[in-house]
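Just so it is clear, the structure is predicted and the values come from calculations on it, not from any experiment. Residues take their numbers from the sequence shown, with the count starting at 1. In each ligand, atom 1 is the first atom listed, and ligand 1 is the first ligand listed. Every heavy atom of this structure was used, including side-chain atoms; hydrogens, water molecules and symmetry mates were not.
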Amino acid sequence: MKVLVTGAAGYIGSITTEALLRAGHQVVALDNLDLGHRAAVHESATFVRADLRDRDALLAAFAAHRPDAVLHFAAYALVGESMQRPAAYFANNIAGACNLFDAMLAHDCRRFVFSSSCTVYGQPQQVPVTEDLPRVALNPYGASKIMVEEMAEWHARLSGLRTAILRYFNPAGASARYGEDHAPETHLIPLALAVAEGRLPQLTVFGTDYPTPDGTCIRDYIHVVDLAEAHIRALEALDAHELFAVNLGTGSGTSVLEVIESVRRVAGRALPVEYGPRRPGGADSAITYADPSLANELLHWRASRTLDDMVASAWAWRQRHPRGYDDGAQ
Ligand code: UDP
């Protein structure tokens, strides 16, 4: 299949592109390189530099390449920033998706796999989180994910767009070639690795008074390569299923302190920690982990890699790319 991947120069887009090529698909890798990295685009993909907010550029890309399916990763994805710049989030994430749907329907491209997030559940009222829990927006980023899910659902009902909604829990780790290089970095595992490398002086643990065994938040970390493989399965599952939404997680939770222990163990380095208050905004739920059974069943897929695998792969990637993609190494 010829698959157009938006955000193909980003963290999850680049690693999913690699998995698609390995599975024998052709990839049109679309990215505006605003936050993505040209060096993260696999040489066997056809690269198109375009911005989703540029409707004409998008239509031209579809006319030129005629993809059979779209995997849509491109989006702004920082909760805190979305509270400061809501209009930018709506313009990029929502108006960009509108243009994408228009281009797909204009060119009869009817398979859509959407990069959604467990953020659509807000502060989930129960764990493990199942797909039938209500969608609750706690910030413009979450609102944008919910709106694009809803837009895709309407297009599925009204225009026959076959749609897979994939709600990621906490992606982490790297492939042998591609890794996580965000500026600014806000996520726990890359920040902990930066401290272990000595690039940052210490890691702040955001809150030790949560109602969990060690007082720190519990999340469901999933290896980015497991996640990438789930996208291939989702694309295949669209043959049999017109519209579905599934959680992508491991089904087990890990606390912030357990992540820190894993980084210390794998990297074999000191990792100075400061215990701070809860993260500003107050939106961090104490415990979030997926019930992945629907994904296991529909996609014939299961996350198989451990937390130590995630940390070890991310650590290895950082060792090879000490300055991220800016070092020019492949
Ligand atoms: N966290 C932390 N210190 C940091 C970054 C994150 O204690 O410097 C915590 C955060 O409060 C959350 C967990 O680590 O409980 C995972 O945070 P991340 O931002 O990686 O993902 P989120 O679950 O917020 O999407």
- [ ] Let me know which of D31, L30, T17 forms a side-chain contact (heavy atoms from CB on, under 4.5 Å) with V5.
- [x]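 Of all the options given, the one that passes is T17.
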Task: Nearest-option assignment for atom 10 (C) of ligand 1, heavy atoms, candidates R279, R219, Q202 - done: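 Comparing heavy atoms across R279, R219, Q202, the nearest one to atom 10 (C) of ligand 1 lies in R279.
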Between [X] and [Y], does at least one N-O distance fall below 4.0 Å, as a salt bridge requires?
| X | Y | answer |
| --- | --- | --- |
| R305 | E229 | yes |
| D308 | R265 | yes |
| D209 | R278 | yes |
| E185 | R318 | no |
| R49 | D54 | no |

Protein heavy atom at shortest distance from [atom]:
| atom | value |
| --- | --- |
| atom 20 (O) of ligand 1 | L188 N, 2.9 Å |
| atom 9 (C) of ligand 1 | V256 CG2, 3.8 Å |
| atom 22 (P) of ligand 1 | N170 ND2, 3.5 Å |
| atom 2 (C) of ligand 1 | F206 CD1, 3.4 Å |
| atom 18 (P) of ligand 1 | H187 CD2, 3.8 Å |

Open item on the list: Tell me whether ligand 1 is touched by Y221 - counting only heavy atoms on the residue side and a distance under 4.0 Å.
Closed with: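 The answer is yes: ligand 1 sits under 4.0 Å from a heavy atom of Y221.
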Report yes if [X] has an N/O atom closer than 3.5 Å to an N/O atom of ligand 1; otherwise report no.
| X | result |
| --- | --- |
| D284 | yes |
| C217 | no |
| V205 | no |

Open item on the list: Check for me whether the distance between the ring centres of H231 and F73 falls short of 6.0 Å.
Closed with: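 H231 vs F73: aromatic centres under 6.0 Å.
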Report, in ascending order of atom number, the atoms of ligand 1 lying under 4.0 Å from any heavy atom of [X].
| X | value |
| --- | --- |
| T186 | 5 (C), 19 (O) |
| L191 | 8 (O) |
| T204 | 2 (C), 3 (N), 4 (C), 7 (O), 8 (O) |

Open item on the list: Tell me whether D291 contacts the main-chain N or O of P128 through its side chain, where contact means a donor paired with an acceptor under 3.5 Å.
Closed with: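 No, the answer is negative, given that no donor and acceptor are paired below the 3.5 Å cut-off.
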Open item on the list: Would you compute the distance between atom CZ of F169 and atom OG1 of T288 and round it to the nearest 0.5 angstrom?
Closed with: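 The OG1 atom of T288 is 7.0 Å from CZ of F169, to the nearest 0.5 Å.
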